[in-house]
Novice: 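This is the structure I have questions about; it appears just below.
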Amino acid sequence: MSVQTTMQAATRGRWAVAGIFLANGFLTGSWAPQIPVFLTRLDITKFTLGLLILLFGVGAVIAMTWCGHLISRHGSRTVTQLFGICGSFGLLIVSLAPDVPLAAIAMLIFGGSIGGMDVAMNSNAVVVERKLSRAIMSSSHGFWSLGGFAGGALGGYSIQNYGYLPHAIAVTVIAFAVIAVAIPYLIAEDRPQAVEHQKFTLPRHMAVYLVGLMALLTMISEGAVLDWAALFLHQELGADLAIAGLAYAAFSGVMALMRFLGDGVRNRFGAVATLRGSALVAAAGMLVAGLSPSPYLAIAAFAFCGFGIANMVPILFSAGGNQEGMSSGTGMSVVTTMGYSGILVAPSAIGFVAEHSSFGPIFIALSGLLVIVLLMAGLAHRAEFAPEPVPAE
């Protein structure tokens, strides 16, 4: 295969995996506007709803834990195809569940398919980065953010005007179509990796767990803004609900923009330097938000924090997928599982602390966690990649 043909295939693979990220974000974002309908349709309490949402997270973590083993045996391309097709039907299965027991099973399946898809697509993005010898992870996550924004923005209108089930069917058709178009162009690792792992085992290299810890600390901060920023502005800074809702909108909007710009920044300055600068910006933004006496200053601070956090997770995922002595899927599985555990654990833990304190000190403490990531940034050096050898013609 010629150099030109190899690069063309890698370029097509780059846009194919971007399509998978887009579909995953679209499915996840489309679930959010379904939640109020889900609550009333099943006639359940908020506590029961919380348990069902927790099952989504449990399913995701279980799938993420096993996904690295599957990728090491079958390759990221095959596993991305499998979870992508299954994931496209996840929201529809939840929408069809007629009672709580079946809804619980549906949420486990939905969470597992989305979680497995997440690990597999990130692992495939690492393969593409090696082929192209340049970063594409940040913009791939930008496509995820774009898909999530589209799913959330269109979902409420669609459900209100056409109903929850037609909305779920439309989401399924769109997601399946995007995934089906992308699948033929996904690229695979050059060498089969089945010989590396004959059975499921956890990696023995401590470095991958330290990178996972950095992802955990970063995603705790991201989850905190998602779940508690609006309440902080409304209850403690006196903002009305419309203004309070701008906190996460500003955070996520700036984050999406920076993710599309992040690959260029990382290619120019390197992964470690970009991570250090991003962590410093994010920590400063979180600190100012926690100290802010004004909702408008807090909104600007959360936006500044999103500017920093945007490229931290993509860099850490690249570092996880490039760990020495293990497949990209195994390293990615560890880092994504630890990282997303932060989003699962943080909301309840922060809620408990907030009942006995206030949100301001919590956000100040979270800025300290981001400083820890800043100090550990050198461990992300594995995100730097050398050009992959081109096969002989």
Novice: As a quick check of understanding, evaluate side chain to side chain donor-acceptor pair (under 3.5 Å) for Asp118 and Asn122, giving each step before the final call.
Specialist: CA-CA 6 Å; Asp118 197 291; Asn122 276 286; 2.9 Å; yes
Novice: So do Leu82 and Thr78 actually touch side chain to side chain, heavy atoms under 4.5 Å?
Specialist: no
Novice: Which residues satisfy the side-chain contact (heavy atoms from CB on, under 4.5 Å) test with Ala250, sequence neighbours excluded?
Specialist: Ile299, Ala303
Novice: Is any side-chain heavy atom of Ile309 less than 4.5 Å from a side-chain heavy atom of Met255?
Specialist: yes
Novice: Of all heavy-atom pairs between Ser278 and Met312, which one has the smallest distance, and what is that distance?
Specialist: CB-CG, 3.7 Å
Novice: Partners of Phe21 by ring pair (Phe, Tyr, Trp, His ring centres under 6.0 Å), sequence neighbours excluded?
Specialist: His141
Novice: Kindly list each side-chain donor-acceptor pair under 3.5 angstrom involving residues 93-117, sequence neighbours excluded, with atom names and distances?
Specialist:
residue : atom : partner : partner atom : Å
Ser95   : OG   : Leu91   : O            : 3.0
Asp99   : OD1  : Leu102  : N            : 3.0
Ser113  : OG   : Ile109  : O            : 3.1
Ser113  : OG   : Phe110  : O            : 2.9

Novice: Does Leu213 have any side-chain contact (heavy atoms from CB on, under 4.5 Å) partners at least two apart in sequence or in another chain, and if so, which?
Specialist: Leu216, Leu217, Met338, Met376
Novice: Which residue pairs pass the side-chain hydrogen bond (donor to acceptor under 3.5 Å, both in side chains) test with at least one member in residues 297-311, sequence neighbours excluded?
Specialist: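 Sorted result for residues 297-311: Ser138-Asn311.
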Novice: What is the ring orientation for Phe363 with Phe232, classed by angle as parallel under 30°, tilted 30 to 60°, or perpendicular over 60°?
Specialist: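 Correct class here is tilted.
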Novice: Is the closest side-chain heavy-atom distance between Phe302 and Val254 below 4.5 Å?
Specialist: no
Novice: With rounding to the nearest 0.5 Å, note down the distance linking CD1 in Ile315 to CG in Leu275.
Specialist: 5.0 Å
Novice: Identify, with sequence neighbours excluded, every residue that meets side-chain hydrogen bond (donor to acceptor under 3.5 Å, both in side chains) alongside Ser145.
Specialist: Arg259
Novice: If you define the side chain from C-beta out and look only at heavy atoms, does anything of Leu55 sit under 4.5 Å from Leu51?
Specialist: no
Novice: As an exercise, state the distance from CD of Gln81 to CG of Leu186, rounded to the nearest 0.5 Å.
Specialist: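 Those atoms lie 6.0 Å apart.
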Novice: On a heavy-atom basis, which atom in Val288 and which in Ala301 lie closest, and how many Å separate them?
Specialist: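 Closest approach of Val288 to Ala301, heavy atoms only: CG1-CB, 3.8 Å.
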Novice: Under the rule for side-chain hydrogen bond (donor to acceptor under 3.5 Å, both in side chains), what residues qualify as partners of Arg276, not counting sequence neighbours?
Specialist: none
Novice: What pair of heavy atoms forms the shortest contact from Ala244 to Ala239, and how long is it?
Specialist: N-CB, 4.2 Å
Novice: Under the side chain to side chain contact (heavy atoms under 4.5 Å, CB included) rule, what do Ser333 and Ile71 come out as? Steps first, then yes or no, please.
Specialist: CA-CA 9 Å; Ser333 178; Ile71 292 170; over 6 Å; no
Novice: Using a 4.5 Å cut-off on heavy atoms from C-beta on, say whether the side chain of Val225 contacts that of Ser221.
Specialist: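 No, too far: nothing below the 4.5 Å cut-off.
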Novice: Hydrophobic clusters here meaning ILVMFWY residues chained together by side-chain heavy-atom distances under 4.5 Å, can you tell me if Tyr209 and Leu369 are in one?
Specialist: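 Yes; Leu369 is reachable from Tyr209 via cluster members.
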Novice: Are Leu374 and Met286 connected in a single hydrophobic cluster, I mean Ile/Leu/Val/Met/Phe/Trp/Tyr linked by side-chain heavy atoms less than 4.5 Å apart?
Specialist: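 Met286 and Leu374: separate clusters.
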Novice: How far does CD of Glu236 sit from OG of Ser358, to the nearest 0.5 angstrom?
Specialist: 4.5 Å
Novice: Is Ile44 close to Leu52 at the side-chain level, that is, under 4.5 Å between some pair of heavy atoms?
Specialist: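 Answer yes - side chains close enough.
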Novice: Does the side chain of Glu129 reach to within under 4.5 Å of the side chain of Arg134, using non-hydrogen atoms?
Specialist: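 In short, these two side chains do not touch, never coming nearer than 4.5 Å.
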Novice: Just how far is it from atom CG of Leu316 to atom OG of Ser318, taken to the nearest 0.5 Å?
Specialist: 9.0 Å
Novice: I'd like to know if the side chain of Gln323 and the backbone of Ala319 have a donor-acceptor N/O pair within less than 3.5 Å.
Specialist: yes
Novice: Do His234 and Asp240 have side chains that approach each other closer than 4.5 Å (heavy atoms only, starting at C-beta)?
Specialist: no
Novice: Atom CE in Met214, atom CG in Leu370: separation rounded to 0.5 Å?
Specialist: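 Output value for this atom pair is 11.0 Å.
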Novice: Show the nearest heavy-atom pair for residues Lys131 and Ala188, with the distance to one decimal.
Specialist: CE-O, 4.0 Å
Novice: Hydrophobic cluster membership, with links at side-chain heavy-atom distances under 4.5 Å among I/L/V/M/F/W/Y: are Leu210 and Met219 in one?
Specialist: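 Hydrophobic grouping puts Leu210 with Met219.
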Novice: So, using ring pair (Phe, Tyr, Trp, His ring centres under 6.0 Å) as the criterion, who are the partners of Phe307 when residues are at least two apart?
Specialist: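 By the ring pair (Phe, Tyr, Trp, His ring centres under 6.0 Å) rule, Phe307 matches no residue at all.
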Novice: Same cluster for Phe56 and Leu39 if Ile/Leu/Val/Met/Phe/Trp/Tyr side chains link at under 4.5 Å?
Specialist: yes
Novice: If two hydrophobic side chains count as joined below 4.5 Å and joins carry through other members, does Val127 share a cluster with Leu132?
Specialist: yes
Novice: For residues 160-183, which side-chain N or O atoms pair as donor and acceptor with protein atoms under 3.5 Å away, sequence neighbours left out?
Specialist:
residue : atom : partner : partner atom : Å
Asn161  : ND2  : Tyr157  : O            : 2.8
His167  : ND1  : Gln34   : NE2          : 2.8
Thr172  : OG1  : Ala168  : O            : 2.8

Novice: Return the set of residues passing ring pair (Phe, Tyr, Trp, His ring centres under 6.0 Å) with Phe260 (not counting sequence neighbours), or none when no residue passes.
Specialist: Phe143
Novice: May I have all residue pairs that pass side-chain hydrogen bond (donor to acceptor under 3.5 Å, both in side chains) and include part of residues 13-31, sequence neighbours excluded?
Specialist: Arg14-Ser139, Asn24-Trp144
Novice: Can you see which heavy atom on Asn124 is nearest to which on Thr80, and at what distance?
Specialist: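 Result for this residue pair: CB-OG1, 4.2 Å.
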Novice: Provide the full list of side-chain hydrogen bond (donor to acceptor under 3.5 Å, both in side chains) pairs with a residue in residues 288-301, sequence neighbours left out, each pair given once.
Specialist: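 Residue pairs with at least one partner in residues 288-301: there are none.
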Novice: Could you pull out the closest heavy-atom pair between Leu287 and Ser367, with the gap in Å?
Specialist: N-CB, 3.7 Å
Novice: Just by distance, do the side chain of Thr337 and the backbone of Val334 share a donor-acceptor pair under 3.5 Å?
Specialist: no
Novice: To the closest 0.5 Å, what do you measure between CG (Leu297) and CG (Leu237)?
Specialist: 9.0 Å
